[in-house]
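We use all heavy atoms of the structure for the numbers below, so side chains are in, but hydrogens, waters and symmetry mates are not. Indexing begins at 1, ligand by ligand and atom by atom, following the structure's order. Residue numbers run from 1 in the order of the sequence given.
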Amino acid sequence: MQNKKELRRMMLSSRRSLSSNERNIYSQSITANLINSNIYKEAAHIMAYAAMPDEVQTNMLLEKILADGKTLCIPYITDLKQGLMQAAIIKNINDLVIGTSNILTVSDNNKHYLAPEKLDLIIVPGVAFTPDKYRLGMGGGFYDRFLPQAFNAVYAGIFFSLQQVKTLPLDATDVPLDIIFTENHIWE
Ligand SMILES: Nc1nc2c(c(=O)[nH]1)N(C=O)[C@@H](CNc1ccc(C(=O)N[C@@H](CCC(=O)O)C(=O)O)cc1)CN2
Ligand SMILES: Nc1ncnc2c1ncn2[C@@H]1O[C@H](COP(=O)(O)OP(=O)(O)OP(=O)(O)O)[C@@H](O)[C@H]1O
C-alpha cells in the first residue's frame with residue numbers, strides 16, 4: 001500500500017482535476033444532502049470550515065447555518081507546528097480574514113472559542129475517504145487531535161465522490177468519521 005504522503009499527492013491532484021463548474025455543482029449537491037439530514041437539523045452548535053480553492057465549497061453551507069440561527073464555528077489554528085486548532089465562533093461570513101495557510105478564518109483581535117464538548121456536529125474536510133469512513137487529511141493531524149475533544153459531536157465528512165479510495169494506510173491516532181456525504185451518496 002502507498003504511504004500517506006504519496007497517496008495525498010495523488011488524491012490532491014485528482015481533486016484539482018475537477019472543473020470549477022463541476023466543483024460548484026457537486027458542492028451544491030453535497031450541501032443539499034447535508035442540510036436535509038436529521039443530524040444537521042438536530043444540531044445547534046456546528047463547526048464547519050472555510051474552503052480552500054480545491055475543497056468542497058462551503059459558502060452556501062456557512063450562510064445556511066447562520067440563517068438557521070445555529071452557532072457556527074470554523075477552525076482557528078492556535079499552533080501550526082503542534083497541529084492544534086480551536087473552534088472559533090463566527091457571526092458573519094464577511095468578517096473572515098486570511099489566516100494561516102491562506103485559509104479564511106476569524107480575525108486575531110476578536111476571537112471567541114466554543115468549548116469543543118459543546119459542539120453537536122463537525123463538518124470535516126479531507127483529501128480522501130474510505131467507505132468505512134476513514135479519512136486522509138492535509139497531513140497536519142489537526143482533526144485527529146481536535147475530534148476526540150469534541151466527544152458529543154457527530155463527525156460528518158464532506159467529499160467529492162472522486163475522493164473515494166478502497167483503503168487508507170491507517171495510524172493509531174486516525175479518527176473515523178460517523179457519516180460521509182458526497183454528491184451522490186451518503187455513508188452512515
Ligand atoms: N478548509 C480547511 N481548513 C482547515 C483544514 C483543512 O483541511 N481545510 N485543516 C485540516 O487539517 C486545518 C489546516 N491544515 C492544513 C494543513 C496543511 C496545509 C498545507 O499544506 N497547505 C499548503 C497548500 C496546499 C494546497 O493549497 O493544496 C501550503 O500552505 O503550502 C493546509 C492546511 C485547519 N483548517
Ligand atoms: N492525537 C494525536 N496525537 C499525537 N499525534 C498525532 C495525533 N493525531 C495525529 N498525529 C500525528 O500527526 C501527523 C499527521 O497525521 P495525519 O497524516 O493522519 O494527518 P491528517 O489527518 O491527514 O491531517 P489533518 O487532520 O490536519 O487534515 C502524524 O505524524 C500523526 O502521527
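Counting heavy atoms only, Met85 comes closest to atom 33 (C) of ligand 1 of the residues Arg145, Met52, Met85, Arg8. Of the candidates Met138, Arg16, Arg15, Met138 brings a heavy atom nearest to atom 18 (C) of ligand 1. Distances from atom 34 (N) of ligand 1 to the heavy atoms of Gly126, Gly137, Pro75 show the closest one on Pro75.
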Give a table of atom pairs where an N or O of ligand 2 lies under 3.5 Å from a protein N or O.
{"residue": "ligand 2", "atom": "5 (N)", "partner": "Arg145", "partner atom": "NH2", "Å": "3.2"}
{"residue": "ligand 2", "atom": "8 (N)", "partner": "Thr173", "partner atom": "OG1", "Å": "3.4"}
{"residue": "ligand 2", "atom": "12 (O)", "partner": "Arg145", "partner atom": "NH2", "Å": "3.3"}
{"residue": "ligand 2", "atom": "17 (O)", "partner": "Arg8", "partner atom": "NH2", "Å": "3.2"}
{"residue": "ligand 2", "atom": "18 (O)", "partner": "Lys4", "partner atom": "NZ", "Å": "2.8"}
{"residue": "ligand 2", "atom": "18 (O)", "partner": "Asp144", "partner atom": "OD2", "Å": "3.1"}
{"residue": "ligand 2", "atom": "18 (O)", "partner": "Asp174", "partner atom": "OD1", "Å": "3.2"}
{"residue": "ligand 2", "atom": "19 (O)", "partner": "Gly141", "partner atom": "N", "Å": "3.2"}
{"residue": "ligand 2", "atom": "21 (O)", "partner": "Arg135", "partner atom": "NH1", "Å": "3.4"}
{"residue": "ligand 2", "atom": "21 (O)", "partner": "Asp144", "partner atom": "OD2", "Å": "3.2"}
{"residue": "ligand 2", "atom": "22 (O)", "partner": "Arg8", "partner atom": "NH2", "Å": "3.0"}
{"residue": "ligand 2", "atom": "22 (O)", "partner": "Gly137", "partner atom": "N", "Å": "2.8"}
{"residue": "ligand 2", "atom": "22 (O)", "partner": "Gly137", "partner atom": "O", "Å": "3.2"}
{"residue": "ligand 2", "atom": "22 (O)", "partner": "Gly139", "partner atom": "N", "Å": "3.1"}
{"residue": "ligand 2", "atom": "23 (O)", "partner": "Gly139", "partner atom": "N", "Å": "3.1"}
{"residue": "ligand 2", "atom": "23 (O)", "partner": "Gly140", "partner atom": "N", "Å": "3.2"}
{"residue": "ligand 2", "atom": "23 (O)", "partner": "Gly141", "partner atom": "N", "Å": "3.0"}
{"residue": "ligand 2", "atom": "25 (O)", "partner": "Arg135", "partner atom": "NH1", "Å": "3.1"}
{"residue": "ligand 2", "atom": "25 (O)", "partner": "Phe142", "partner atom": "N", "Å": "3.3"}
{"residue": "ligand 2", "atom": "25 (O)", "partner": "Tyr143", "partner atom": "N", "Å": "3.0"}
{"residue": "ligand 2", "atom": "26 (O)", "partner": "Gly140", "partner atom": "N", "Å": "3.3"}
{"residue": "ligand 2", "atom": "26 (O)", "partner": "Gly141", "partner atom": "N", "Å": "3.0"}
{"residue": "ligand 2", "atom": "26 (O)", "partner": "Phe142", "partner atom": "N", "Å": "2.9"}
{"residue": "ligand 2", "atom": "27 (O)", "partner": "Arg135", "partner atom": "NH2", "Å": "2.8"}
{"residue": "ligand 2", "atom": "27 (O)", "partner": "Met138", "partner atom": "N", "Å": "2.9"}

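Minimum interatomic distance between Ile74 and Ala50 (heavy atoms only, all atoms of both residues): CG2-N, 4.3 Å. Across every non-hydrogen atom of Glu6 and Asn3, the tightest pair is N-OD1, 2.8 Å. Contact between Ser27 and Gln57 at its shortest, heavy atoms only, is OG-N, 2.9 Å. Across all their heavy atoms, Gly157 and Leu177 have their closest contact at CA-CD1, 3.7 Å.
Ligand 1 has no atom lying under 4.0 Å from any heavy atom of Gly140. Ligand 1 has Ile77 within reach: a non-hydrogen atom of the residue lies less than 4.0 Å from it. Using 4.0 Å as the threshold, Gly139 has no heavy atom nearer than that to any atom of ligand 1. Taking a 4.0 Å cut-off on heavy atoms, Pro125 registers as neighbouring ligand 1.
Leu121 is connected to Tyr76 through a chain of hydrophobic side-chain contacts under 4.5 Å among Ile, Leu, Val, Met, Phe, Trp and Tyr, so both are in one cluster. Both Val56 and Ile179 are part of a single hydrophobic cluster, where members link through side-chain heavy atoms under 4.5 Å apart. No path of Ile, Leu, Val, Met, Phe, Trp and Tyr side chains, each step under 4.5 Å between heavy atoms, connects Leu162 with Leu12, placing them in separate hydrophobic clusters.
Here the two rings, on Trp187 and Phe129, have centers that are under 6.0 Å apart.
Checked by distance only, ligand 1 and Ala50 come closer than 3.5 Å through their nitrogen or oxygen atoms.
Closest protein heavy atom to atom 8 (N) of ligand 1: Glu55 OE2, 2.8 Å. For atom 32 (C) of ligand 1, the closest non-hydrogen atom of the protein is Ile103 CD1, 3.8 Å. Atom 28 (C) of ligand 1 has as its closest protein heavy atom Ser101 OG, 5.0 Å.
Near Tyr143, meaning under 4.0 Å from any of its heavy atoms, are these atoms of ligand 1: 9 (N), 10 (C), 11 (O).
Less than 4.0 angstrom separates atom 4 (C) of ligand 1 from at least one non-hydrogen atom of the protein. In this structure, atom 30 (O) of ligand 1 has its sub-4.0 angstrom surroundings free of protein heavy atoms. In this structure, atom 10 (C) of ligand 1 has a protein heavy-atom contact shorter than 4.0 Å. Under the 4.0 Å distance rule, the nearest protein heavy atom to atom 26 (O) of ligand 1 falls outside the cut-off.
When the shell of 6.0 Å around NZ of Lys133 is examined, it contains more than 12 heavy atoms from other residues, nucleotides or ligands.
The proximity of Pro53 to ligand 1, defined as any non-hydrogen pair under 4.0 Å, does not occur for either the backbone or the side chain. In Thr100, neither the side chain nor the backbone holds a heavy atom less than 4.0 Å from any atom of ligand 1.
Remark: Lys64 fails to qualify as a cation-pi partner of Tyr40 under the 6.0 Å distance and 45° angle criteria applied to the six-membered ring.
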Would you please test Arg15 and Glu55 for side chain to side chain contact (heavy atoms under 4.5 Å, CB included) and show each step?
-> CA-CA 8 Å; Arg15 191 170 75 178; Glu55 290 181 316; 3.5 Å; yes
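With rounding to the nearest 0.5 Å, the separation of NZ in Lys4 from CG in Leu168 is 8.0 Å.
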Using atom types as modelled, flag every donor-acceptor pair under 3.5 Å from a side chain in residues 91-99 to any protein atom, sequence neighbours excluded.
{"residue": "Asn92", "atom": "OD1", "partner": "Asn94", "partner atom": "N", "Å": "2.9"}
{"residue": "Asn92", "atom": "OD1", "partner": "Asn94", "partner atom": "ND2", "Å": "3.3"}

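Every residue was checked against the ring-ring contact (aromatic ring centres under 6.0 Å, His included) condition with His112, not counting sequence neighbours, and none meets it.
The stretch residues 16-25 participates, sequence neighbours left out, in these salt bridge (Lys or Arg N to Asp or Glu O under 4.0 Å) pairs: Arg16-Asp54.
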